[in-house]
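I have placed the structure first, in the form of structure tokens, so that the comments after it can refer back to it.
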There are 2 protein chains.
Amino acid sequence: MIGSDTEALRASALAVDLRAVVGKLKRRSREQAPLGDLTESQISVLVRLERDGPATVSALARAEAMRPQSMGANIAALTAAGLVSGAPHPTDGRQTVLSLTDACRSWIMSSREARQDWLVRTIKAQLDPAEIDQLASAIGLLRRLADS
Amino acid sequence: MIGSDTEALRASALAVDLRAVVGKLKRRSREQAPLGDLTESQISVLVRLERDGPATVSALARAEAMRPQSMGANIAALTAAGLVSGAPHPTDGRQTVLSLTDACRSWIMSSREARQDWLVRTIKAQLDPAEIDQLASAIGLLRRLADS
DNA sequence: TATTGTTATACTCTATAACTATA
DNA sequence: TATAGTTATAGAGTATAACAATA
């Protein structure tokens, strides 16, 4: 029973540290106005659309663990900024399929080259290649937690 | 130059994934109403006070990368809930030193036993001991990013 | 009846600005 | 003048509730 007690303590300590560092990262990242004047959520949406291709508001909301109404607000902002455009689904009239605009794609590439993202800059400045690998594999674990 | 290009791409991809998973974790964790009806920030404060001992509002704000006014609001909520109490600093009349109340300490212990924390439960359910160790060491890397 | 999406509204968390009090 | 803390206000982000349109 000592073993499982130790395990329980480890999980508890991990939760404590994880919560603290996640909150802190979020505040730090937001205050730096990462890219353009987009929010973290909006950037995540763009990245997801770029990586996984077109999707609907509902699908994006599910993927990001967000309510469709909240995702709708993010999509509206991205659409107003000309970064995302919607087209009616060919067979299902309820759905609107969202894609990145060409302007968005070129903007993403140029902002990557310009290294405007605080998080990217900080990762490069603070972490060596081995640590980046280590963190990258830990991201998979975090994703398991977030998706559970 | 190919090497540094690959590095840059890795950092960029890591930033992308990190941002997405941090946001998702934050939403998931909040929607579960983790402990009592405290917010994530308030929990972080309690944990910090428990681990590092009494502190002032300003010190806590610096430690959590938050404005003193924002931290003040969190402290006010914790004080109203009877979880934190303030005492005047013995020599510096401007400062108020904050400590956990006895009620808070016993509440922390009981809620730990009851395993009410979604994040703790999820870590135990989703991660094996080796993975918990892996994630724990990655937390150190995240903290470097957040503190930089 | 279920699902997609929208509109309206409210709440939570944090930030900025302006102030008082002590050092 | 600088620092600790408070109060007032505003903004961003997300949630709940109610609705229209399509399946």
To the nearest angstrom, the NE2-C1' distance between His89(B) and dG5(D) comes to 14 Å

Those residues at least two apart in sequence (or on a different chain) that pass side chain to side chain donor-acceptor pair (under 3.5 Å) with Gln126(B) are none

Please list, one pair per line, the donor and acceptor atoms closer than 3.5 Å that link side chains of residues 69-83 of chain A to other protein atoms, with sequence neighbours excluded.
{"from": "Thr79(A)", "atom 1": "OG1", "to": "Ile75(A)", "atom 2": "O", "distance (Å)": "2.8"}

Between CG of Asn74(A) and C1' of dT6(C) the distance, given in whole Å, is 15 Å

OP1 or OP2 of dA12(D) sitting under 4.0 Å from any side-chain N/O of Arg30(A)? no

Report task. Would you check if there is a donor-acceptor pair between the side chains of Ser41(A) and Glu64(A) at a distance under 3.5 Å? Result -> no

Taken to the nearest whole Å, CD/Gln42(B) to P/dC11(C) is 17 Å

With sequence neighbours left out, the residues meeting salt bridge (charged side-chain N to carboxylate O under 4.0 Å, His left out) with Arg62(A) are none

Atom CE of Met71(B) and atom P of dT16(C) are separated, to the nearest Å, by 15 Å

Gln95(B) has its side chain closest, among dT14(D), dG5(D), dG5(C), to dG5(D)

query = Are the charged groups of Asp117(B) and Lys124(B) less than 4.0 angstrom apart, N to O?
reply = no

Rounded to whole Å, the CG-C1' distance (Leu98(A) to dT6(C)) equals 14 Å

Quick one: side chains of residues 85-92 of chain B, donor-acceptor pairs under 3.5 Å with protein atoms, not counting sequence neighbours, listed by atom name and distance.
{"from": "His89(B)", "atom 1": "ND1", "to": "Thr91(B)", "atom 2": "N", "distance (Å)": "3.2"}
{"from": "His89(B)", "atom 1": "ND1", "to": "Thr91(B)", "atom 2": "OG1", "distance (Å)": "3.4"}
{"from": "His89(B)", "atom 1": "ND1", "to": "Asp92(B)", "atom 2": "N", "distance (Å)": "3.0"}
{"from": "Asp92(B)", "atom 1": "OD1", "to": "Arg94(B)", "atom 2": "N", "distance (Å)": "3.0"}
{"from": "Asp92(B)", "atom 1": "OD1", "to": "Arg94(B)", "atom 2": "NE", "distance (Å)": "3.1"}
{"from": "Asp92(B)", "atom 1": "OD2", "to": "Arg94(B)", "atom 2": "NH2", "distance (Å)": "2.9"}
{"from": "Asp92(B)", "atom 1": "OD2", "to": "Gln95(B)", "atom 2": "NE2", "distance (Å)": "3.2"}

From NZ of Lys26(A) across to C1' of dT14(D) the rounded distance in Å is 10 Å

When the side chains of residues 135-143 of chain B are checked against the rest of the protein, which donor-acceptor pairs come out under 3.5 Å, sequence neighbours left out?
{"from": "Ser137(B)", "atom 1": "OG", "to": "Gln134(A)", "atom 2": "NE2", "distance (Å)": "3.1"}
{"from": "Ser137(B)", "atom 1": "OG", "to": "Gln134(B)", "atom 2": "O", "distance (Å)": "3.0"}

Given protein heavy atoms under 4.0 Å, the one-letter contact record of nucleotides 16-23 of chain D, with B base, S sugar-phosphate only and - none, is simply BB----BS

Residue set satisfying side chain to side chain donor-acceptor pair (under 3.5 Å) with Ser12(B), at least two apart, ordered chain then number -> none

Expected list for residues 48-63 of chain A near DNA chain D, using heavy atoms below 4.0 Å, is none

Sorted by chain and residue number, the side chain to side chain donor-acceptor pair (under 3.5 Å) partners of Lys24(A) (sequence neighbours excluded) come out as Asp147(B)

Phosphate OP1/OP2 of dG13(D) contacted by Thr39(A) side-chain N/O (<4.0 Å): yes

Regarding the side chain of Met66(A), the nearest nucleotide among dT14(C), dG5(C), dA15(D) is dA15(D)

Whichever of Ala65(A) and Thr96(B) has the more 5' nearest nucleotide on DNA chain D, that residue is Thr96(B)

Rounded to whole Å, the CD1-P distance (Ile75(B) to dT14(C)) equals 12 Å

